[in-house]
Number of protein chains: 2
Amino acid sequence: MPEDTAPADLTTMRFSRAREAQSMAVLEDYAEMIDDLAKQMGEARITDIAARMGVTHPTATKAVARLKREGLAVSRPYRGVFLTELGAEMAARVRMRHRVVVDLLIAVGVPPETAEIDAEGLEHHVSEATLKAFEAYLAKRG
Amino acid sequence: MPEDTAPADLTTMRFSRAREAQSMAVLEDYAEMIDDLAKQMGEARITDIAARMGVTHPTATKAVARLKREGLAVSRPYRGVFLTELGAEMAARVRMRHRVVVDLLIAVGVPPETAEIDAEGLEHHVSEATLKAFEAYLAKRG
DNA sequence: ACAGAAGTGTAGCCACGGCTACACTTTGCA
DNA sequence: TGCAAAGTGTAGCCGTGGCTACACTTCTGT
C-alpha cells in the first residue's frame with residue numbers, strides 16, 4: 001500500500017488499465033474464435049461461434065456487429081463471418097499470447113488443464129512487457 | 001486447439017468461467033479498496049473510494065450498493081462504508097492473492113512496476129489451484 | 001450561527017453483454 | 001419440387017458499470 005505523495009494516481013491508473021483491457025477481451029476472444037473456425041471449418045458461422053463461446057446466437061451476432069464496427073471483421077446476411085486483415089492480425093497476436101501464458105503457467109507448476117482454463121481470463125491482462133518477460137523465462141528455462 | 005469428440009464443451013466451459021470470474025472482479029476490487037481505506041483512514045468514504053478507483057462518485061455508490069446487496073458491506077446515508085465479516089474475509093483473500101500474483105510475476109522476471117499494473121486485472125482469474133501452484137513455486141524458489 | 005464548501009444521494013443517459021421471442025432465409029431431404 | 005428443419009436477423013428486456021446534472025446534507029471557518 002503506497003502512501004502520501006501520489007498513491008491514488010498510480011492506483012487509479014492500474015484500475016483504469018484493467019478496465020480498458022477488459023473492454024478488449026470480448027473482441028479478442030471472438031476474433032480468435034472466428035479465426036479458429038475459419039481454419040477448422042473453412043468459415044465461421046454465427047451458430048458455431050455462439051456454441052463455442054457458450055452464448056446464444058443473438059449475443060454472438062451483437063459481438064460480431066461490434067467487430068465489424070471496429071473494422072475487424074466483415075459479413076453479409078445469412079453468410080459466414082470473416083476477419084479483415086486487422087482482425088486476423090489481432091487473432092494471431094491473441095493466439096500467440098494465449099500459448100505463451102499457458103506455457104508459463106505450466107512451467108511454474110500449474111496443472112495443464114487448470115492452466116488452459118485460467119489463461120482464458122488471464123491473458124487479456126498480460127501486457128507486452130509481461131509477455132516479453134514470460135517468453136524470456138520460457139526460453140532461458142529451455 | 002482441441003478436435004472432434006467434445007471440444008466445444010470444454011472451450012465453452014473456459015469462457016463461462018472467465019465471464020463468471022469477471023462478474024466478481026468489481027466486488028473484489030471494491031472490497032479490498034474499502035478495507036485499505038479503513039486501515040489507512042479509519043473509515044472508507046464514498047469520495048475516497050471513487051478517487052482511488054478512478055471513477056466518479058455515483059459509480060462508486062452503485063458499486064457499494066451491490067456490495068450491500070451481496071451482504072459484503074454496510075453503510076448509512078452520508079456516513080462511511082464498512083465491510084461485514086464476509087466482506088472483510090473477501091478483502092483478506094483478495095489482498096493475499098494479489099500479493100502472491102505480484103510476487104510470482106516478479107519471480108519470473110516481470111519488472112515490479114509492470115507486475116503491479118498487470119496483477120490488477122490478472123488476479124481475478126487466478127483459480128485456487130493456480131494460486132496454490134504459485135505459492136509452491138515461490139516457496140521452492142526461496 | 002450561518003454561509004459556503006465539500007460530500008453524498010438520486011435521476012437518467014449510454015454502451016455492453018447476456019437473454020427470450022419471434023420473423024425471416026437457406027438448406028436439405030422425401 | 002416443395003416443405004420442414006436449421007440458421008440468421010431483429011426487437012426488446014435485464015443488470016452492470018460508466019457518465020453528467022442536480023438536489024440535498026454535513027462540515028468548516030469566520
Side-chain angles (χ1 to χ4, degrees), chain A residues 8 12-34 37 41-70 72-82 120-121 124-125, chain B residues 8 12-34 37 41-70 72-82 120-121 124-125:
Chain A
T12 296
M13 205 177 308
R14 294 212 298 271
F15 283 112
S16 300
R17 286 288 292 274
R19 284 194 296 266
E20 193 186 322
Q22 195 50 39
S23 86
M24 297 295 301
V26 173
L27 252 22
E28 294 177 342
D29 284 339
Y30 277 85
E32 187 181 5
M33 182 61 75
I34 290 168
L37 287 169
M41 323 269 230
E43 72 174 336
R45 313 301 305 270
I46 284 286
T47 297
D48 296 331
I49 297 170
R52 296 269 189 115
M53 297 296 298
V55 298
T56 57
H57 84 266
T59 298
T61 301
K62 275 193 192 177
V64 168
R66 196 175 157 211
L67 281 176
K68 290 168 75 172
R69 243 188 301 136
E70 309 268 348
L72 298 166
V74 291
S75 76
R76 285 175 17 245
Y78 298 99
R79 288 287 110 93
V81 180
F82 301 92
E120 206 64 69
H124 303 288
H125 300 273
Chain B
T12 295
M13 206 177 306
R14 292 212 300 269
F15 283 111
S16 300
R17 287 286 293 272
R19 284 195 295 267
E20 193 187 322
Q22 195 50 41
S23 85
M24 297 296 300
V26 172
L27 252 20
E28 294 177 342
D29 284 340
Y30 276 87
E32 188 181 3
M33 181 63 74
I34 290 168
L37 287 168
M41 322 270 226
E43 73 173 337
R45 314 301 304 268
I46 284 286
T47 297
D48 296 331
I49 297 171
R52 294 271 187 113
M53 297 296 298
V55 299
T56 57
H57 85 266
T59 299
T61 301
K62 274 193 192 177
V64 168
R66 196 174 157 211
L67 282 176
K68 290 168 74 172
R69 243 189 300 135
E70 309 269 349
L72 297 165
V74 292
S75 77
R76 287 181 9 250
Y78 298 100
R79 288 288 111 93
V81 180
F82 301 91
E120 206 63 71
H124 303 288
H125 299 274

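In this text, all values refer to a predicted model and were calculated from it rather than measured experimentally. Lettering follows sequence order; numbering is per chain, from 1.
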A.B. asks: If you restrict it to nitrogen or oxygen atoms, what contacts under 3.5 Å exist between nucleotides 15-17 of chain C and the protein, and what is each distance?
C.D. replies:
residue	atom	partner	partner atom	Å
C/dC16	OP2	A/R69	NH1	3.4
C/dC16	OP2	A/R69	NH2	3.4
C/dG17	OP1	A/R66	NH1	2.7
C/dG17	OP2	A/R66	NH1	3.1

A.B. asks: Could you check how far CE of B/M24 sits from C1' of D/dG17, rounded to whole Å?
C.D. replies: 16 Å
A.B. asks: If I take atom CD in residue B/E20 and atom C1' in nucleotide D/dG15, what distance separates them, rounded to the nearest angstrom?
C.D. replies: 16 Å
A.B. asks: Within a strict 4.5 Å, meaning less than it, do heavy atoms of the B/R17 and B/E20 side chains meet?
C.D. replies: yes
A.B. asks: If you take all heavy atoms of B/F82 and B/E43, which pair is closest and at what distance?
C.D. replies: CZ-OE1, 3.8 Å
A.B. asks: Can you check side-chain contact (heavy atoms from CB on, under 4.5 Å) on B/E120 and B/D29, steps first, answer last?
C.D. replies: CA-CA 9 Å; B/E120 206 63 71; B/D29 284 340; 3.9 Å; yes
A.B. asks: Is B/V55 close to A/R19 at the side-chain level, that is, under 4.5 Å between some pair of heavy atoms?
C.D. replies: yes
A.B. asks: Is a donor on one side and an acceptor on the other found under 3.5 Å between the side chain of A/T12 and the backbone of B/A51?
C.D. replies: yes
A.B. asks: Any protein N or O atoms within reach of nucleotides 7-9 of chain C? Criterion: under 3.5 Å, listing atom names and distances.
C.D. replies:
residue	atom	partner	partner atom	Å
C/dT8	OP1	B/R45	NE	2.9
C/dT8	OP1	B/R45	NH2	2.8
C/dT8	OP2	B/T47	N	2.8
C/dT8	OP2	B/T47	OG1	2.4
C/dT8	O3'	B/Y78	N	3.4
C/dG9	N7	B/H57	NE2	2.9
C/dG9	O6	B/H57	NE2	3.1

A.B. asks: Between A/L67 and A/V81, is any pair of side-chain heavy atoms under 4.5 Å apart?
C.D. replies: no
A.B. asks: Take atom CZ in B/R66; do more than 12 heavy atoms of anything else shown fall under 6.0 Å from it?
C.D. replies: yes
A.B. asks: Any chance the rings of A/H125 and B/H124 have centres within less than 6.0 Å?
C.D. replies: no
